[in-house]
Amino acid sequence: MSDEWTPLDCLLPSGTQKICLIILNQPLDKDHLHILWSKALLRACADGAANHLYNITAGDCDNFLPDYISGDFDSITPEVKAFYVDKGCKLMETADQDLTDYTKCLSIMLEEIQRRKLQQGNHRLGVNTGLEGDWCGLIPVGGPCQTVTTGLKWNLSNQVLQFGKIVSTSNTYEPVAPGNPRKAVTVSTDQPLLWSMGIRKSGE
Amino acid sequence: MSDEWTPLDCLLPSGTQKICLIILNQPLDKDHLHILWSKALLRACADGAANHLYNITAGDCDNFLPDYISGDFDSITPEVKAFYVDKGCKLMETADQDLTDYTKCLSIMLEEIQRRKLQVDTIVTLGGLAGRFDQIMASVETLFHALSMTQLAVIIIQGESLAYLLRPGNHRLGVNTGLEGDWCGLIPVGGPCQTVTTGLKWNLSNQVLQFGKIVSTSNTYEPVAPGNPRKAVTVSTDQPLLWSMGIRKSGE
């Protein structure tokens with residue numbers, strides 16, 4: 001079986017994964033931003049994400065300067081753009097093609113990781129950080145997936161997940177005796193399969 | 001070619017579609033609720049949706065009594081439940097199985113439509129497109145099941161988005177209500193779809209829409225000369241294909 005990989009390691013202060021961070025054009029969770037930013041080897045904004053970053057780091061913006069901001073720049077405000085340019089952030093205009101701002105930002109991130117020689121995961125998921133919410137799911141977005149799982153409350157035993165047949169939503173983790181750590185979730189699939197899980201709110 | 005069907009007709013005061021309304025457990029848009037409620041032949045809440053209905057109709061609750069509330073009742077509060085029971089609303093407990101509250105609510109709605117011999121064009125669902133990601137996907141899964149449960153159109157509206165699963169075949173969508181937002185998309189959620197379209201800014205000419213290859217998002221309508229009505233959007237697909245479109249905010 002493959003090495004265990006823990007999705008929520010990145011949000012654990014004691015987590016060991018090396019990460020890079022891409023911020024998209026959506027409202028930001030301040031706690032998530034702070035922990036991920038502090039760990040990330042590279043940080044980037046896709047277009048209007050810079051507006052959210054600017055607003056949420058107000059008063060401390062100088063400590064949250066992205067390595068680059070990419071996109072077609074139809075969402076970033078002139079004020080925010082000028083601020084980051086003035087602070088030396090790289091602006092990488094990617095003209096409107098068939099690719100979304102996210103895809104292009106990811107593409108640039110991967111080039112930068114290569115260029116700077118930074119280092120690389122899978123289907124043995126650690127779910128014991130304490131940050132896991134109480135739901136998870138496996139969603140065959142692209143097409144049917146022949147799936148086997150362990151560690152879930154409702155496991156799949158070589159069943160085909162497919163929209164219109166079965167989609168695993170509102171699933172959860174295999175119960176364990178109180179005080180015992182959760183077992184890892186293992187998933188084997190023959191096609192790309194979307195794993196989704198809940199994140200406990202801070203203070204819960 | 002198929003008859004033209006207009007997704008946003010249900011939100012037009014002058015719209016002609018006969019609708020039934022299902023409310024799911026998500027924050028409600030007050031304007032949408034009011035117009036849909038006033039037109040609906042039947043109205044139902046799935047479990048915790050009743051909490052949202054109760055809160056948003058505060059002060060006028062008596063005029064917004066659903067025909068039934070269904071579900072496993074693990075989300076509805078005891079206070080809200082007692083209120084609607086007291087007012088004579090039917091409570092239909094559907095024990096936890098492999099089906100979601102939404103699917104079960106839809107199933108009951110279809111039975112009621114039959115039982116009362118109602119003529120209905122569209123079942124409109126409020127909620128289901130925000131919140132937990134797995135539950136959004138579960139809403140889409142219900143649309144898939146709906147294809148084999150009924151021939152009626154089943155659509156989901158929340159906030160500024162509408163979702164409608166197109167059956168395999170040809171479709172002609174009216175997009176001229178004035179309520180259309182400026183984006184639309186075709187999303188091959190279940191698997192690859194061989195697709196032909198007209199009336200979009202970026203049309204598909206027998207291309208295969210597929211995750212990992214092409215997915216039509218951030219699309220829009222074919223531009224027309226000022227003062228001219230938009231052309232209908234036609235879509236032909238060989239597999240179920242999810243149509244999604246923006247709804248203009250009131251006052252925009």
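Naming: A, B, ... by sequence-line order, numbering from 1 per chain.
If you measure heavy-atom distances from A/Leu138 to chain B, you find no contacts under 4.5 Å at all. Both the backbone and the side chain of B/Val140 come within contact range of chain A, with heavy atoms under 4.5 Å apart.
Shown here for B/Glu141 and A/Gly164, the closest heavy-atom pair between the two residues is OE1-N, 2.7 Å. Heavy atoms only, all atoms of each residue included: B/Gly190 and A/Pro144 are closest at O-CD, 4.1 Å.
For the options B/Lys213, B/Gln210, B/His145, heavy-atom pairs under 4.5 Å to chain A are most numerous at B/His145. Heavy-atom pairs under 4.5 Å with chain A were tallied for B/Asp134, B/Thr142, B/Thr100; the largest tally goes to B/Asp134.
In this structure the side chain of A/Ile139 reaches within 4.5 angstrom of the side chain of B/Phe133, judged on heavy atoms.
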Exercise. Please test B/Met137 against A/Phe163 for side chain to side chain contact (heavy atoms under 4.5 Å, CB included), starting from the C-alpha separation and ending with a verdict.
Key: CA-CA 9 Å; B/Met137 292 291 100; A/Phe163 272 94; 4.0 Å; yes
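In this structure, OG in A/Ser170 is found 4.5 Å from CZ in B/Arg132, a value given to the nearest 0.5 Å.
Contacts of residues 46-56 of chain A with chain B at a heavy-atom distance below 4.5 Å are absent; not one residue qualifies.
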